[in-house]
Amino acid sequence: MSRAFVKEEAGERWTPPAQAREYRIVIDGEVVRETDDLLDALSWMGQRPATGFELRSREGHLLAVA
């Protein structure tokens with residue numbers, strides 16, 4: 001195997017970074033869900049009994065609070 005595809009410190013195969021999504025649902029500073037569909041994000045937040053969710057854009061702008 002080529003060393004170009006092996007992480008030096010752990011000997012694991014390289015994996016590409018995850019694609020950034022348009023919307024993030026955050027609670028207490030932790031991202032709990034990411035999606036590219038605004039209606040999906042709002043629906044998901046509305047179906048949860050917990051409160052304190054924040055819907056943020058990719059740039060971090062606050063869009064909604066539940």
Side-chain angles (χ1 to χ4, degrees):
M1 177 184 331
S2 171
R3 291 184 51 83
F5 296 102
V6 177
K7 292 181 182 177
E8 287 293 323
E9 65 277 359
E12 299 175 5
R13 291 184 69 83
W14 177 84
T15 54
Q19 180 182 4
R21 300 292 182 187
E22 191 63 34
Y23 304 104
R24 296 183 324 230
I25 299 173
V26 180
I27 189 167
D28 295 330
E30 182 180 342
V31 176
V32 293
R33 184 172 171 88
E34 292 183 304
T35 183
D36 288 325
D37 185 353
L38 178 59
L39 293 177
D40 175 55
L42 293 171
S43 172
W44 189 91
M45 289 172 58
Q47 294 172 0
R48 302 295 178 267
T51 58
F53 289 110
E54 296 178 345
L55 177 61
R56 296 195 172 265
S57 69
R58 181 185 302 175
E59 296 82 22
H61 299 265
L62 181 63
L63 303 176
V65 177

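- Residues passing the side-chain contact (heavy atoms from CB on, under 4.5 Å) test with E30, sequence neighbours excluded: none.
- Residues D37 and W44 form no side-chain contact, since every pair of their non-hydrogen atoms from C-beta on lies 4.5 Å or further apart.
- The two residues A41 and L55 make their nearest non-hydrogen contact at CB-CD1, 3.7 Å.
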Step by step, work out the side chain to side chain contact (heavy atoms under 4.5 Å, CB included) result for R21 and T35.
CA-CA 5 Å; R21 300 292 182 187; T35 183; 5.7 Å; no
Atom pairs and distances, donor-acceptor, side-chain atoms in residues 58-66, under 3.5 Å, two or more places apart:
| from | atom 1 | to | atom 2 | distance (Å) |
| --- | --- | --- | --- | --- |
| R58 | NH2 | E22 | OE1 | 3.1 |
| E59 | OE1 | S57 | OG | 3.3 |

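- I27 and F53 get closest at one heavy-atom pair: CB-CD2, 4.0 Å.
- Contacts of D40 classified as salt bridge (charged side-chain N to carboxylate O under 4.0 Å, His left out), with partners at least two apart in sequence or in another chain: R33.
- Here the CZ atom belonging to R56 is positioned 12.5 Å from the CD1 atom belonging to I25, to the nearest 0.5 angstrom.
- Cluster membership for L38 and V32, using ILVMFWY side-chain heavy atoms within less than 4.5 angstrom, is shared.
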